[in-house]
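Written below as structure tokens is the structure these notes are about.
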Amino acid sequence: MKKQTAFSILIAAIIFLAGMSVTGGIKITPNNTETDAKDTPVSRSGFFLNTFVTITLYDGSDPALLDDAVALCETYEDIFSKTREGSELYRLNHRAPGEQTFTVSDDMAALLSKGLEYCRLSGGAFDITIEPLSSLWVFTGDAPTVPDAESISRAVEKVGWQNLRLNGNTLTFLSDKTTIDLGAIAKGYIADRIREYLTTHGVTGAIIDLGGNLLCIGQKPDGSPFSVGLKKPFAGELKTSAILSVSDMSVVTSGVYERHFVSNGKNYHHILNPANGYPYDNGLLSVTILSDTSVDGDGLSTVCFSLGLEKGLRLINSLEGIYACFIDEDYNICYSEGMDAFLSESEEG
Ligand code: ADP
Ligand code: MG
């Protein structure tokens, strides 16, 4: 059942509300990292993948598992980072002219295959060869600026997922100018791998938080679902617009307020339109996806943002077991079919 509710405030992103606080994606955990008391959540945090990562065990499992789980972030950063020199992706992007064909790792092949699936599904609105553009736009530093129009149009010409061919582990670049950015889906894939590691080791209750990309394993020790809040973007304080009840699911948000800057009164954010080289300006503030796997949540949140409300909603309603929440700049919140089942309460103000 579709449901639309108007909110009077800016909204978005995800914060996790199970006895911990989050500010702007940085979780402030209780000082319990050394304790292993049965009912006390135990966390490890770190800065990986250009974001704050926190993994929390709720089921009294061995806290030593957390060290290995956090270390997996480092392992995967060595594969998927576009900026880390020597990573597998870095080497692919910095190949010699004329060098076309590579045998990639199983993880790289799996993620490229997912990425290409979403390029196809979105008709190119989502494009993993966005790298020339995404590296041109810089959202950090004291005074980020809009790149000049000529540089943007030069970068646009290099983008095109059709220049990639993936056959098993064999990746072929059909153009020397093609470079890859997996930033829209890597965190989801990595969260899934961390879940795999933890559940293989018997974990039945945990939250993997990769910079606000959440993946819940099981539920809370008392058997109730985890509570995940949708944070209001741009808001200086912790407020939620809706609270979701989630067990064994991924909750991922893409929005206009995480990596962004304002210039001449206009907000420039990091989800870029491959067709014109500028951030999508389609009236959306954020898209949140609930899904079983986090790679799908991460991929589809960016895909839906790229497609806009109408097409994005149609896409989600056509997919089994995937739910979405779109928030537009008039502060309307629009849920996909079936999302109601996960709404536990909502707040205004
Ligand atoms: P976050 O990284 O904050 O979780 P997203 O998952 O929405 O946000 O991914 C945004 C990232 O995806 C950008 O920083 C960039 O690396 C990449 N990107 C930007 N535009 C596109 C696009 N049109 N298609 C695919 N990837 C994109
Ligand atoms: Mg994404």
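These numbers come from a predicted model, not from an experiment. For ligands, and for the atoms within them, numbers begin at 1 and follow the listed sequence.
- Of all the heavy atoms in I289 and C304, the pair that sits closest is CD1-SG, 4.2 Å.
- In terms of polar-atom proximity, D181 is counted as a contact of ligand 1, with an N or O under 3.5 Å from an N or O of the ligand.
- Under the salt bridge (Lys or Arg N to Asp or Glu O under 4.0 Å) criterion, R95 pairs with no residue, sequence neighbours left out.
- Polar contact with ligand 1: present for H270 (N/O pair, distance under 3.5 Å).
- Atom 27 (C) of ligand 1 has its closest protein heavy atom at I130 CG2, 3.7 Å.
- Of all protein atoms, those that are N, O or S and lie under 2.8 Å from the Mg ion (ligand 2) total 4.
- By the 3.5 Å distance cut-off applied to N or O atoms, N273 is not counted among the residues near ligand 1.
- From the protein, the heavy atom lying nearest to atom 24 (N) of ligand 1 is D127 N, 2.9 Å.
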I would like to know whether V53 and S45 meet side-chain contact (heavy atoms from CB on, under 4.5 Å); could you show each step before the answer?
CA-CA 5 Å; V53 166; S45 297; over 6 Å; no
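- Between E329 and L284, the closest side-chain pair of non-hydrogen atoms is not below 4.5 Å.
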N169/D106 under side-chain contact (heavy atoms from CB on, under 4.5 Å): CA gap, chis, key distance, verdict:
CA-CA 7 Å; N169 287 50; D106 289 346; 2.8 Å; yes
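- Ranking protein heavy atoms by distance to atom 4 (O) of ligand 1, first place goes to K187 NZ, 3.1 Å.
- The side chain of N213, and not its backbone, has at least one atom closer than 4.0 Å to an atom of ligand 1 (non-hydrogen atoms only; side chain from C-beta on).
- Using a 30° and 60° split on the angle between ring planes, Y189 and F80 fall in the perpendicular class, above 60°.
- Between L313 and F326, the closest heavy-atom pair is N-CZ, 3.5 Å.
- Shortest non-hydrogen contact noted between D127 and P274 is CB-CG, 4.0 Å.
- Close N/O approach between D298 and ligand 1 is found [any backbone or side-chain N/O within under 3.5 Å].
- P63 approaches V42 most closely through the heavy-atom pair CB-CG1, 4.0 Å.
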Derivation of the side chain to side chain donor-acceptor pair (under 3.5 Å) call for D296 and T293
CA-CA 6 Å; D296 284 329; T293 70; 2.9 Å; yes
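- Closest to atom 23 (N) of ligand 1 among all protein heavy atoms lies L272 O, 2.7 Å.
- For ligand 1, none of its N or O atoms has an N or O atom of Y280 under 3.5 Å away.
- Counting only N and O atoms by type, the side chains of S122 and K311 include no donor and acceptor under 3.5 Å apart.
- Looking from atom 5 (P) of ligand 1 to the surrounding protein, the closest heavy atom is T302 OG1, 3.3 Å.
- In this structure, the protein non-hydrogen atom closest to atom 9 (O) of ligand 1 is A184 CA, 3.4 Å.
- Close approach to F126 involves these atoms of ligand 1, each under 4.0 Å from a residue heavy atom: 24 (N), 25 (C).
- Looking at residues two or more places apart in sequence or on another chain, you find a side chain to side chain contact (heavy atoms under 4.5 Å, CB included) between Q219 and S247.
- Between R259 and ligand 1, no pair of N/O atoms sits closer than 3.5 Å.
- Within the structure, ring pair (Phe, Tyr, Trp, His ring centres under 6.0 Å) pairs that include any residue of residues 281-320 comprise H269-F305 (at least two apart or interchain).
- How far NZ of K177 is from CG of N163: 10.5 Å, rounded to the nearest 0.5 Å.
- With 3.5 Å as the limit, one finds no donor-acceptor pair spanning the side chains of D209 and T54.
- Counting atoms of ligand 1 from 1 in the listed order, those under 4.0 Å from a heavy atom of E258 are 1 (P), 3 (O).
- For atom 7 (O) of ligand 1, the closest non-hydrogen atom on the protein side is S254 OG, 2.6 Å.
- For a threshold of 3.5 Å applied to N or O pairs, the pair formed by I128 and ligand 1 contains no separation below that value.
- Residue A125 places a heavy atom less than 4.0 Å from ligand 1.
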